[in-house]
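Remember, predicted model here, so these are calculated numbers, not experimental data. Values below: all heavy atoms of this structure, side chains included; hydrogens, waters and symmetry mates excluded.
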There are 2 protein chains.
Amino acid sequence: MVQYQGMHFNTAFAALADATRRGVLEQLARGDASITDLAGRFEMTLTGMKKHVSVLEGAGLVVTEKVGRVRRCRLGVCRLEEEAAWIERFHQLWSARFDALDRVIAELKSKERRHGRRKGK
Amino acid sequence: MVQYQGMHFNTAFAALADATRRGVLEQLARGDASITDLAGRFEMTLTGMKKHVSVLEGAGLVVTEKVGRVRRCRLGVCRLEEEAAWIERFHQLWSARFDALDRVIAELKSKERRHGRRKGK
DNA sequence: CTGATACTGAACCATACGGTTCAGTATTGC
DNA sequence: GCAATACTGAACCGTATGGTTCAGTATCAG
């Protein structure tokens, strides 16, 4: 759907939308690990963890390399900067709107005060 | 799953993982809109757009209010700050690791240079 | 009252997700 | 060579997602 570019955001945010995967990222930030390590740490089958790692790899958040029979997983180059930037840019638009809104609210409040009564909710 | 807290991150990141929904957020940042407005702008049925708006509302990213027969949608208070903070905190751990890695790489490169040849890949 | 507008809910559909089991294959260690 | 280890792939399962249609309900305009 939507020709709109941003496939990269889709996969990156989707990858972050799972607690296990965020946990894996935090774990990898503390050091590389194998699929077995991660599966053990998150009490999951190897196959299950493999899928999570694949999702993270597909999003470019981790890179893996097979060394002998073990797959070494480590953090990828942080493309998450783009996501943070998106949120940040967005937050600015947002703030601008709320600054405007704040003035309106302040005005309403002062009116209420002048009328000497408050309306809950 | 995972008892692990972070339900809020799950819904927020999941909400952001869809291009249409990110588009809706950007649209709302430029001004409030009704379901009909949004459905028109993103060429989608009312029902389809309603679902997207519900997801965004569930994530606390937008708030809606029914005024007469039209539902007015606007941005919610920006709880996205927490998401940005998560990414930021994470990015710091990440950088720390890459700073260490950078030194190793720099050393390897200087060795390569001393050997007088480069290995493409 | 009547018709148009704006949403809402239920049902359905195809596909994706998070997880499992089971049956391999490739490597390592003795 | 043989067993154990470490992963991998296919198949399956229940649930969620992104979307639709269809049949309402509520509100507004005249």
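Atom CE in B:M49 sits about 13 Å away from atom P in C:dT8, given to the nearest Å. Here the C1' atom of nucleotide C:dT27 and the CZ atom of A:R72 are 15 Å apart, to the nearest Å. D:dT17 atom P lies 13 Å from atom CG of B:L56, rounded to whole Å. One interatomic measurement links the two molecules: CE of B:M44 to P of D:dT21, which rounds to 12 Å at whole-angstrom precision. Straight-line distance from the CG atom of A:D18 to the P atom of C:dC17: 11 Å, rounded to whole Å. Taking atom CZ of B:F13 as the reference point, atom C1' of C:dC17 lies 18 Å away to the nearest angstrom. If you measure from atom NZ of A:K66 to atom C1' of D:dT5, you get 11 Å, rounded to the nearest angstrom. Nucleotide C:dA6 holds its P atom 9 Å from the CG atom of B:L46, rounded to whole Å.
At the phosphate of C:dA6, neither OP1 nor OP2 sits under 4.0 Å from any side-chain N or O atom of B:R71.
Counting any heavy atom pair closer than 4.0 Å across all strands shown, B:R21 reaches sugar-phosphate atoms only and no base atom. Among the protein residues, B:I35 comes within range of the sugar-phosphate backbone only, with heavy atoms under 4.0 Å from sugar or phosphate atoms but none that close to a base.
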List, with names and distances, any nitrogen or oxygen atoms from the protein found under 3.5 Å away from nitrogen or oxygen atoms belonging to nucleotides 26-30 of chain D.
residue	atom	partner	partner atom	Å
D:dT27	O2	B:R69	NH1	3.2

Please write out the pairs of protein N or O atoms and N or O atoms of nucleotides 9-13 of chain D separated by less than 3.5 Å, giving the distance to one decimal.
residue	atom	partner	partner atom	Å
D:dG9	O6	A:T47	OG1	3.1

Taking only distance into account, with no hydrogens and no angle test, what donor-acceptor pairs under 3.5 Å do side-chain atoms of residues 45-54 of chain A form with protein atoms, sequence neighbours excluded?
residue	atom	partner	partner atom	Å
A:T45	OG1	A:G48	N	3.1
A:H52	ND1	A:R21	NH1	3.3
A:S54	OG	A:K50	O	2.9

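By the rule that hydrophobic residues join a cluster once side-chain heavy atoms approach within less than 4.5 Å of another member, B:F13 and A:L25 end up as members of one cluster. The cluster map of Ile, Leu, Val, Met, Phe, Trp and Tyr, joined by side-chain heavy atoms under 4.5 Å apart, puts B:V70 and B:V24 in different clusters.
Residue A:E43 holds its CD atom at 10.5 Å from OG1 of A:T20, rounded to the nearest 0.5 Å. A distance of 8.5 Å separates CG in B:L75 from CG in B:L61, rounded to the nearest 0.5 Å. Atoms OG and CZ, from B:S34 and B:R72 in turn, are 6.5 Å apart once rounded to the nearest 0.5 Å.
Checked against side-chain hydrogen bond (donor to acceptor under 3.5 Å, both in side chains), B:T11 has no partners two or more places apart in sequence or in another chain. Residues satisfying the side-chain hydrogen bond (donor to acceptor under 3.5 Å, both in side chains) test with A:E57, not counting sequence neighbours, are A:T64. Residues satisfying the side-chain contact (heavy atoms from CB on, under 4.5 Å) test with A:A33, not counting sequence neighbours, are A:L28, A:D37, A:L38.
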